[in-house]
Asker: 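Below are the structure tokens for one structure; questions will follow.
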2 protein chains.
Amino acid sequence: MGAEPSAERKRTRIQIRNSEAILEAALDVFSQAGFRGATLDQIAEAAGLSKPNLLYYFPSKEAIHTTLLAGLMDSWLAPLAALRADGDPVEELLGYVRRKLAMTRRYPRESRLFANEILQGAPHIHAMIAGELKALVDEKAALIADWAAQGRIAAVDPRHLIFSIWATTQHYADFDAQVRGVLGPAEPDPLVAAEQFLTHLFRAALTPPSR
Amino acid sequence: MGAEPSAERKRTRIQIRNSEAILEAALDVFSQAGFRGATLDQIAEAAGLSKPNLLYYFPSKEAIHTTLLAGLMDSWLAPLAALRADGDPVEELLGYVRRKLAMTRRYPRESRLFANEILQGAPHIHAMIAGELKALVDEKAALIADWAAQGRIAAVDPRHLIFSIWATTQHYADFDAQVRGVLGPAEPDPLVAAEQFLTHLFRAALTPPSR
DNA sequence: GTCTATAGAAGGATAGAC
DNA sequence: GTCTATCCTTCTATAGAC
């Protein structure tokens, strides 16, 4: 806790460029092999640097991993954070489903990085889950509960609704190998059919019975 | 490929006992740390054997892993295999959801073992996914498509329905760390509320519009 | 069948020249 | 800032006594 405002110090262009190349390469490798399965050799090769040079930019393998996770956190929470109280509740929640699915499509490596981490018991992000993430879920769950109490959506458990949205959307990134294997090589883009199905699934479950 | 009918040879009681202790310990360790993250030391300690003794029963770390996966395959597919053509289609599918959720409750380690494997690209079970699993899904998807064509369930994509059932039920085992962190320490058993929510979710999505 | 000891390889991290 | 060389630990697997 020195005088520096953060871990980000003044850096030259080349330092910024190399740091970003390392994080990009590390995302590739960590998301595919997990933390223990990834090696500095693989990351160094993917980044086009030597192994010692990697450790000139980051003090350790763990530091690279931690930097990655922390840097991705905000954008990972953005789709849920964007859930608004105004507008039609059912459409608002379906919009969340679509935003989350768009994340899966665009950032499958990030999804697998988090999946690996949580699957191993979330050793590096325990605090964030029980803190930042829980707070966000609590806030949005209260909003959803309000909607349900007003009869504007069906009576559902808000937290398990959120879990099911996470599970169904991230499935297409995290279990991609299984999805592709089961659908076969002919299938072009599973996410198109997935969006249609999930829209039906959650619209049917959320539409209140009275209308 | 010798004259032996399979890898299972004649074995004494103590051999059977030790083999099972190793597989039980390996399930613990592999499911928590993944293949690369697990070490023979951990497995040996959990099994109450020495490391060389482990390798007396199995030729390699990989052999333990492969034996585990292969041995669990049938029981893992059982809930879907039990989907029957007779009875009410909606209730039949809800029964599948409940059976799958019961697997999650009873066999969370098995769920995480498979999740780890698929997350890393399913290197050891590629063939099984594109073969046995795909065949089973194709068969049951055809049954579900028939139900939909007859208007006995809503018109849904059968394969993505199956994916969503896998995703939502296994989520409570694979992402247990996140579920517990978000719900907080007070929550006793997330799976009770989960079963209620998922029953509503899939009943609403599957019930045909006309009745 | 089970152990101690150890070989051999891989991986994270550091030293020090340039 | 980047490299070569290397240290040291960890890990899989084997050798060989009992």
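All of these numbers come straight from a predicted model, not from anything done at the bench.
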Asker: For A:His124 and A:Glu62, test the side chains for any donor-to-acceptor distance below 3.5 angstrom and give the result as yes or no.
Answerer: yes
Asker: Of all residues at least two apart in sequence or in a different chain, which pass the side chain to side chain donor-acceptor pair (under 3.5 Å) check with B:Ser111?
Answerer: B:Asp174
Asker: If you draw a 6.0 Å radius around CD in A:Glu91, do more than 12 non-hydrogen atoms from other residues or ligands fall strictly inside?
Answerer: yes
Asker: Any chance you could measure B:Phe114, atom CZ, to A:Gln178, atom CD, to the nearest 0.5 Å?
Answerer: 9.5 Å
Asker: What pair of heavy atoms forms the shortest contact from B:Leu101 to B:Ala194, and how long is it?
Answerer: CD2-C, 4.2 Å
Asker: At under 4.0 Å between heavy atoms, which parts of nucleotides 1-12 of chain C does protein reach? Answer with one letter per nucleotide, 5' to 3': B base, S sugar-phosphate only, - none.
Answerer: SBBBB-----SB
